Amino acid sequence: MDAKLRQHLSPSFATLIADELKIPGAQTFDVSNACAGMLTGLLIAESRIKSGQSKYALIVAGEHISPIIDEAMRRNLYLHPRAIASLTVGDGAAAYILGRSEEAGRIIFSEPITMAQFNHYCIGQACKSHVGPQMRTRAKDMQTAVFDNLGNFLKRSTDYMAVKWDEIDHTFSHPTTPKAVKKGAKIATDMMGEINFLHNNSVETANTASTTHGVQIELSLSSGHLKSDETALLISYGSGIGILAMHLKLPKGVENWS
Amino acid sequence: MLSWESKKIGYTGLLKSTLKLAKKAISNAGIKPDEIGLIVHGGVFREHFRTEPAFATHIQGDLGIHCHGIGLDSQSCFSFDVTDGSCSPHVAIQSIADLLPALPTDYALLCIGDDRPTKHCDWEYESYCVVAVIGLSGDGPKCESISYDNSNLVPNLTTIGYFDKSVKGNNFASAGTVEFLEPQSSKNFFQGHQNWLSGKHMHEFLQLVNKHDDTLEHCIVDRSGKSTTAKWVF
């Protein structure tokens, strides 16, 4: 969505970004997977770098979703309770650059999973009667679906990635709401053990959809919580319901990034 | 590419057609639906300009592929969409080629197509639905490489969706004027019309597959001028 609430369709937004940045030789395309879109993009980029097809990849996400609140406010919420979800929304942007490393395993992905039986729980599309987007969410059902499967997902993912839970320094969940993150953390703790550092920073930023991990990492960096070579687990889930996680060692010198 | 199906569809009904063709393609590939572990959809236009969830999740859900809770050792499927104008099919194929080797599955479903978003949209396009089963090994055309060329990109030739206050509905508009390149075809090269949607590009390419026994380069030039070329070996 641009400032006039128009939806960019074609060519890919990535193509326009590459053109602005004067990167004519890059392959460019968009990935769409709701709030899990950024991690899906990172997953594709990582596999392309690993296979030697790309040296570096720029993965960018931007969200202008706060107008869904305007749409919801125009509704009679008694008749349209799903217009206001039990999620918070905020606008955000994030960018990652991935490149090859001599050290294996600096980034590892879980097996990505879509629980498509829940694909109707959150629908975003153009509002049929006004300018801008609308969203209809069965928020409680969606959270329940994630919570019911989170424990097994984490157990299975840490096994798949060969990562020890107690050696993960930082955990970033998808911040639907701060309360939901706490609930998820309780499930994770019961299944996996204590979480070393749960980053639950979304009170100020809200849920910035696909950009959320970038925004949360930036906040944690600003607070001085992240150091070179510490490990972090990013857990992402989005409408669909797609769920995947990325384990990474933080880049050297990260504490000096502005 | 182990099997494929394609057909022209009406203004709407992409999901219904995709499901029908997917069942046929999966059966023709000699596999069961549950052996599909990755679904990637490529296209630009979706019903009511839907942004989420990914169209591929609807395909997975309606095909009933691994629609169960996450167990400690249960099989699973992953679904998402990619888009890059008319070049979307090649991006989708490339994404499958990137991810499939790393996933605990041997088969992916490639789905291409567009829906007329709303009744307010003037729809001069022919919509096609294309589905293919792609495997890590097996018989069938092999996509050897995909190359990309943004050097002829005209960045202001964009297409946007917007709310048209005059009709109180959503429409889309394409900026700029394009002098369209005509389709080109020679013994080992095929390039469709620049104004075709993704589905038609793939449909027309698939009509040529059985006529080749060596190689075929399939070039797609998007309205914006950018292009992708897939080299297929038979």
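Just so it is clear, the values below take in all heavy atoms, side chains as well, and ignore hydrogens, waters and symmetry mates. In the text below, chain A, chain B and the rest are named by the order of the sequence lines, each starting its count at 1. Bear in mind that the values here come from a model prediction, so they are computed numbers and not experimental data.
Taking chain B as the reference chain and counting heavy-atom pairs below 4.5 Å, the highest number among A/S51, A/S239, A/S10 is found for A/S10. Counting heavy-atom pairs closer than 4.5 Å to chain A, the top residue among B/H68, B/R46, B/H41, B/Q60 is B/Q60. Of the listed residues A/G151, A/G124, A/G41, the one with more heavy-atom pairs under 4.5 angstrom with chain B than any other is A/G124. Of the listed residues (A/K155, A/K128, A/Q134), the one with the most heavy-atom contacts under 4.5 Å to chain B is A/K128. Across A/L150, A/D19, A/I123, A/L16, the residue that shares the most heavy-atom pairs under 4.5 angstrom with chain B is A/I123. Heavy-atom pairs under 4.5 Å with chain B peak, among A/A34, A/P112, A/G242, A/G132, at A/P112. The residue among B/P104, B/A102, B/G37, B/S151 with the most heavy atom pairs within less than 4.5 Å of chain A is B/P104. Taking chain A as the reference chain and counting heavy-atom pairs below 4.5 Å, the highest number among B/G71, B/A54, B/A173, B/G85 is found for B/G71. No other option in B/D62, B/I65, B/V91 has as many heavy-atom pairs under 4.5 Å with chain A as B/V91. Comparing B/K168, B/K165, B/Q94 by heavy-atom pairs within less than 4.5 Å of chain A, the highest count is held by B/Q94. Contact count against chain A (heavy-atom pairs under 4.5 Å) is highest for B/I160 among B/I160, B/L63, B/I146. Per-residue heavy-atom pair counts under 4.5 Å with chain B were compared for A/T40, A/L9, A/L5, and the maximum is reached by A/L9.
What you find for B/S86 and B/L197 is that their closest heavy atoms are OG-CA, 4.4 Å. Nearest heavy atoms, B/G176 versus B/L157: CA-CD2, 3.7 Å. Annotation for B/G135 and B/L100: closest pair C-CD2, 4.3 Å, computed over non-hydrogen atoms. Summarising the geometry of B/P89 relative to B/M202, their closest heavy-atom pair is CB-CG, 3.4 Å, with the distance given to 0.1 Å.
By the ring-ring contact (aromatic ring centres under 6.0 Å, His included) test, A/H120 is found to be paired with no residue, residues two or more places apart in sequence or in another chain being considered. Scanning for side chain to side chain donor-acceptor pair (under 3.5 Å) contacts around A/E20 gives an empty result, with sequence neighbours left out. With sequence neighbours left out, A/F13 forms a ring-ring contact (aromatic ring centres under 6.0 Å, His included) with A/H8.
For chain A, no part of B/D164 is nearby; none of its heavy atoms comes within less than 4.5 Å. Heavy-atom distances place the side chain of B/D222, and not its backbone, under 4.5 Å from chain A. Using a 4.5 Å cut-off between heavy atoms, A/T15 touches chain B through backbone and side chain atoms alike. In this structure, chain A has heavy atoms under 4.5 Å from both the backbone and the side chain of B/T51. Heavy atoms of B/K226 lying under 4.5 Å from chain A belong exclusively to its side chain. If you measure heavy-atom distances from B/F78 to chain A, the contacts under 4.5 Å come from both the backbone and the side chain. In this structure, chain A has heavy atoms under 4.5 Å from both the backbone and the side chain of B/H48. Proximity to chain B is absent for every atom of A/C35, based on heavy atoms less than 4.5 angstrom apart. A/A145 does not touch chain B: none of its heavy atoms, backbone or side chain, sits under 4.5 Å away. In this structure, the portions of B/S74 lying under 4.5 Å from any heavy atom of chain A include both its backbone and its side chain. For a residue to count as touching a neighbouring chain, one of its non-hydrogen atoms must lie under 4.5 Å from one of that chain's; by this rule B/L72 touches chain A with backbone and side chain alike. For a residue to count as touching a neighbouring chain, one of its non-hydrogen atoms must lie under 4.5 Å from one of that chain's; by this rule B/F172 touches chain A with the side chain only.
Between the side chains of A/Q53 and B/D98, at least one donor N or O lies within less than 3.5 Å of an accepting N or O. Between the side chains of B/E124 and B/N195, at least one donor N or O lies within less than 3.5 Å of an accepting N or O. Between the side chains of A/Q143 and A/T176, not a single donor N or O lies within less than 3.5 Å of an accepting N or O. Under the 3.5 Å distance criterion, with hydrogens and angles disregarded, a donor-acceptor pair is assigned to the side chains of A/D91 and A/S66. Under the 3.5 Å distance criterion, with hydrogens and angles disregarded, a donor-acceptor pair is assigned to the side chains of B/T159 and B/S174.
Counting heavy atoms from C-beta outward, B/S95 and A/F29 have side chains that approach closer than 4.5 Å. Put simply, the side chain of B/D106 does not reach to within 4.5 Å of the side chain of B/S137, judged on heavy atoms.
At a heavy-atom separation below 4.5 angstrom, chain B is approached by A/Y160 within residues 157-165 of chain A.
The environment of CG in A/D2 is crowded: more than 12 heavy-atom neighbours from other residues, nucleotides or ligands sit within 6.0 Å.
Ring pair B/H203/B/H201: centre-to-centre distance not below 6.0 Å.
Here B/D115 does not pair with B/R50 in a salt bridge; the nearest charged N to carboxylate O distance is not below 4.0 Å. A salt bridge is defined here as a Lys NZ or Arg NE, NH1 or NH2 lying under 4.0 Å from an Asp or Glu carboxylate O, and A/E46 with A/R106 fails to meet this definition.
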